[in-house]
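I have placed the structure first, in the form of structure tokens, so that the comments after it can refer back to it.
In this text, all values refer to a predicted model and were calculated from it rather than measured experimentally. Side chains are part of it too, since the values below use all heavy atoms of this structure and drop only hydrogens, waters and symmetry mates. Lettering of chains follows the sequences in order, A, B, ..., and the numbering in each one begins at 1.
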Protein chains: 2
Amino acid sequence: MTGDDTFDIAPDWLDGETKVLEAPHDHRAELRLWLRLLTCSTLVESEVRRRLREEFDSTLPRFDLMAQLERAPDGMVLGEVSKRMMVSPGNITVLVERLTESGHLSRTTLPTDRRVQIIALTPFGRGEFEKMAARHADWISDLFAGLAPNDGGVLMDELAKLKRSIVASLAKGA
Amino acid sequence: MTGDDTFDIAPDWLDGETKVLEAPHDHRAELRLWLRLLTCSTLVESEVRRRLREEFDSTLPRFDLMAQLERAPDGMVLGEVSKRMMVSPGNITVLVERLTESGHLSRTTLPTDRRVQIIALTPFGRGEFEKMAARHADWISDLFAGLAPNDGGVLMDELAKLKRSIVASLAKGA
DNA sequence: GAAAGAAATTTCAAGCTTAAAATTGTTTTG
DNA sequence: CAAAACAATTTTAAGCTTGAAATTTCTTTC
């Protein structure tokens, strides 16, 4: 799934008119595209993880969790965090435990519904997050710096289309 | 890092001529692009993991490992697999153990250098992999089906540029 | 040819992740 | 109002992942 993104096959969007009748549809172009997307994503993600660890002794999941909370000054319900981060609820439990121990997060049980946990950044947690977020933005900026302004815009648009395609396909399959 | 891809800020490639003097460079457009890329990647990856588990009781790392071996009929050295998959050597050790137990892989010590382990798909492993690979290609094809042929081509090109940017940045930083 | 150095792998400790089962608490229904 | 249904979260078991330390096996150098 990761790797060097080569499936050494000619892309076939270039000759869309030929060989449409091939037995089952030839999926190689899509596969190639997917591998390339994954390669980019993996490279960036690894680098971000590495730097979070080296510069802040932290991890990407923790950073992500704090990023969600940063924009919710009044805190957020666990389930909501889980949905936004697209990870399992059990996962959030563990992350919140650690971040609460380390003083980054506060957690409260909602008085009117004692099933509900609300978590929020502490002032300390917010300060730490802001330091990390600033560096994080620099890292991403550096990694993307070789992209011409126009390419950035095109990529945004194309990825929006891809996202729509993915979401539509997932909805249909569900 | 994951999530709904919204940082609700106007992209600033659209007005590149204005506000160039802003104190530290404004990184929001790059961040937005990165989040969108990550969202696409996460959605596809989760779906692939889910289906590998449901249809084959397997995992993505195992699939990836077998995919590397499929194209090396004479097998491959562990270290080479590790590099190609961009994961740590220790990780490969564990995966190979399981896949060898289950009969998908064979492993041999190189007679001329007993440090070196060579792994290869067994005929059984190859058969299993081919079934998975066919389905995998279908899934990706479905997920990307909403993309016009032209968009696929553009995306390939833009991602190639992005990858060059990332690799260049990583090389410079190293 | 022994000792030092380098290379390929494995082991280890710690953390992330998930799905499924279990808990705890609230709401709806007969 | 008790029982059933539902909801939010935690626990559990299993697997993935990493960096660093340890092993084993060559290779090079004095």
Please give, in whole Å, the distance from [N] [atom2] to [X] [atom1]?
| X | N | atom1 | atom2 | result |
| --- | --- | --- | --- | --- |
| A/Arg62 | C/dA14 | CZ | P | 13 Å |
| B/Glu54 | C/dT18 | CD | P | 15 Å |
| B/Ile92 | D/dG19 | CD1 | P | 13 Å |
| B/Met86 | D/dC16 | CE | P | 18 Å |
| A/Ile119 | D/dT10 | CD1 | C1' | 14 Å |
| B/Leu60 | C/dC16 | CG | C1' | 16 Å |
| A/Glu97 | C/dG15 | CD | P | 12 Å |
| B/Glu80 | C/dA7 | CD | C1' | 15 Å |

*Should the ring pair A/Trp139 and A/Phe56 be called parallel, tilted or perpendicular, given that the plane angle runs from 0 to 90° and is split at 30 and 60?*
tilted

*asked:* For B/Leu60, run the side-chain contact (heavy atoms from CB on, under 4.5 Å) check against B/Arg51, B/Arg50, B/Glu45 and tell me which one passes.
replied: B/Glu45

Would you classify [X] as touching base, sugar-phosphate or nothing, given that sugar-phosphate means primed atoms plus P, OP1 and OP2, and contacts are heavy atoms under 4.0 Å?
| X | result |
| --- | --- |
| A/Arg98 | sugar-phosphate |
| B/Gly90 | base |
| B/Thr59 | sugar-phosphate |
| A/Arg107 | sugar-phosphate |

*Strictly under 6.0 Å, is that where the ring centroids of A/Phe129 and A/Phe63 end up?*
yes

_Most 5' of A/Asp113 and B/Ile118 on DNA chain C, judged by nearest nucleotide_ =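 Between the two, 5'-proximity favours B/Ile118.
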
*Hey, which of these two, B/Arg115 or A/Arg114, hits DNA chain C nearer its 5' end, going by closest nucleotide?*
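In this pair, the answer is B/Arg115.
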
*State, with a plain yes or no, whether a side-chain heavy atom of B/Cys40 is found less than 4.5 Å away from one of A/Leu37.*
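In contact.
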
Among [options], find the nucleotide with the atom closest to the side chain of [X].
| X | options | value |
| --- | --- | --- |
| A/Leu95 | C/dC16, C/dT9, D/dT25 | C/dC16 |
| A/Val94 | C/dT17, C/dA8, D/dT17 | C/dT17 |
| A/Asn91 | C/dA19, C/dT9, C/dT17 | C/dT17 |
| B/Pro89 | C/dT10, C/dT17, D/dC16 | C/dT10 |
| A/Pro61 | C/dT9, D/dT18, C/dT17 | C/dT17 |

*Closer to the 5' end of DNA chain D via nearest nucleotide, is it A/Val77 or A/Arg53?*
A/Val77

_Basic-acidic side-chain contact under 4.0 Å: A/Glu101, A/Arg98_ =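 Looking at A/Glu101 and A/Arg98, the cut-off is not met.
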
